[in-house]
Amino acid sequence: MPNCKISRIDSYITTFKVNNKIEGFIIVLVDVTEMENVREERQRNQALAAIGQIAAQVAHEIKNPLGGIKLNLSYLQRRSGENEEAKEVIGEILTGVDRLNKTVSELSSFVRPKQLILLPIDINSVIEQELTLVADKIKQKNIEIERNFQFDLPTLMADHYELSKAFINFLINAIDASYDLGKIKISTQQEDNKIVVAFIDYGKGMNRETLSRLFEPFFTTKSTGTGLGMSIAKRVVEMHEGTLMVESKLGEGTHIIVKLPVNQKLE
Ligand SMILES: Nc1ncnc2c1ncn2[C@@H]1O[C@H](COP(=O)(O)OP(=O)(O)OP(=O)(O)O)[C@@H](O)[C@H]1O
Ligand SMILES: [Mg+2]
């Protein structure tokens, strides 16, 4: 249905009397869509804050013992000499420990929003740096990276470390979704007082459910994912007063568009 909008309406009805005789009814309809949306958003934020607190505690409790387990395992691996089977088993446990470590550190950075350190950055080189980090993954799938960079972009005041976390997640997600010999387009351009960065892949895309739950912490469709990548990315972009837009079509691919204002003040 074109231009179809679903609204939530509250209705009130009262009788309309003349000389104590009911002459009719007065029906008042109030559009409460906006109010309801705000209430739901507030409820969601409260729930997330509560989850965040528990998650922070759990992450803290897990971190130290994990460090110890890893050290002891590495020791055992060194001491297992020629016993290849033992080495293999220890290697598998170490992989599991590394995965747990990744989850815990993502969890910590998710629940601990930090003060941004804004410095002048060149957004094209941030993307290049992140591309180097995922070079192996790109090579494995023989993915072509098409760059459409504007080179005379204004300087952006941003937190390099935080922004990298968002960009690397967009890249890894795009690579994971891409087919062998696929293509990922990355573009940067200035649009008024904003720098627009787009990550476009032609991979498997997302279905309705995935798209609607994309920013939900811990939502993942991957066996090795933590499901925190997009929630962290969204928060990083919003902390820079930017916007994040996602468009995706199942079987066709995904567009991630980030808009960052260039007139950020140093804090
Ligand atoms: N470019 C994309 N194409 C297709 N699906 C995507 C894309 N980006 C995200 N998704 C879907 O959204 C889900 C959530 O993404 P998110 O980055 O938050 O977590 P993840 O990649 O599963 O795990 P991680 O925490 O390691 O990033 C993914 O599991 C995937 O199903
Ligand atoms: Mg991810």
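Whatever order the structure lists them in is the order used to number ligands and atoms, beginning at 1. Just the heavy atoms: all of them, side chains too, but no hydrogens, waters or symmetry mates, feed the values below.
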Give the atoms of ligand 1, by number and element, whose distance to some non-hydrogen atom of [X] is under 4.0 Å.
X: Gly205; result: 4 (C)
X: Asn169; result: 17 (O), 27 (O)
X: Gly225; result: 23 (O), 26 (O)

- [ ] Could you pull out, from Thr103, Ile232, Asn173, the option with a heavy atom nearest to atom 17 (O) of ligand 1?
- [x] Asn173
- [ ] Would you tell me which option among Phe199, Phe170, Phe219 has the nearest heavy-atom contact to atom 14 (C) of ligand 1?
- [x] Phe219
Open item on the list: Restricting to non-hydrogen atoms, name the atom on Asp176 and the atom on Lys222 that form the minimum distance, rounded to 0.1 Å.
Closed with: OD2-NZ, 2.9 Å
Open item on the list: Can you give me the closest heavy-atom contact between Ile143 and Ser178, atom names plus distance?
Closed with: CD1-CB, 3.7 Å
Open item on the list: By the definition side-chain contact (heavy atoms from CB on, under 4.5 Å), identify the one residue from Asp98, Thr103, Leu71, Asn101 that meets it with Leu66.
Closed with: Asn101
TODO: Could you tell me the separation between the OG1 atom of Thr188 and the CD1 atom of Ile123, rounded to the nearest 0.5 Å?
DONE: 8.0 Å
What protein heavy atom is closest to [atom], reported as residue, atom name and distance in Å?
atom: atom 30 (C) of ligand 1; value: Thr221 OG1, 3.4 Å
atom: atom 7 (C) of ligand 1; value: Met206 CE, 3.7 Å
atom: atom 26 (O) of ligand 1; value: Lys102 NZ, 3.3 Å
atom: atom 1 (N) of ligand 1; value: Asp201 OD2, 2.9 Å
atom: atom 18 (O) of ligand 1; value: Met230 N, 2.8 Å
atom: atom 19 (O) of ligand 1; value: Gly227 CA, 3.3 Å
atom: atom 11 (C) of ligand 1; value: Thr210 CG2, 3.7 Å
atom: atom 12 (O) of ligand 1; value: Leu214 CD1, 3.2 Å

Pairing of [X] and [Y] as salt bridge, 4.0 angstrom limit:
X: Lys185; Y: Asp201; answer: no
X: Lys194; Y: Glu191; answer: no
X: Glu146; Y: Lys183; answer: yes
X: Arg235; Y: Glu238; answer: no
X: Lys87; Y: Glu82; answer: no

Test of understanding: given a 4.0 Å heavy-atom threshold, classify the contact between [X] and ligand 1 as side chain, backbone, both, or neither.
X: Thr220; result: both
X: Arg213; result: neither
X: Thr226; result: both

Open item on the list: Yes or no: does Lys204 have any heavy atom under 4.0 Å from an atom of ligand 1?
Closed with: no
- [ ] Tally every protein N/O/S atom whose distance to the Mg ion (ligand 2) is less than 2.8 Å; waters are neither shown nor counted.
- [x] 2
TODO: Apply side-chain contact (heavy atoms from CB on, under 4.5 Å) to Ile117 and Tyr161, showing your working.
DONE: CA-CA 9 Å; Ile117 302 169; Tyr161 175 76; over 6 Å; no
Open item on the list: Looking at Glu85, I'd like to know if its CD atom is crowded, meaning that more than 12 non-hydrogen atoms belonging to other residues, nucleotides or ligands lie closer than 6.0 Å.
Closed with: no
Task: Neighbour count above 12 (heavy atom, 6.0 Å) for Glu88 CD - done: no
Open item on the list: Applying side-chain contact (heavy atoms from CB on, under 4.5 Å) to Thr155 and Ile121, what does each step give before you reach the verdict?
Closed with: CA-CA 6 Å; Thr155 307; Ile121 64 160; over 6 Å; no
Open item on the list: Using 30° and 60° as the class boundaries, would you call the ring planes of Phe149 and Phe151 parallel, tilted or perpendicular?
Closed with: perpendicular
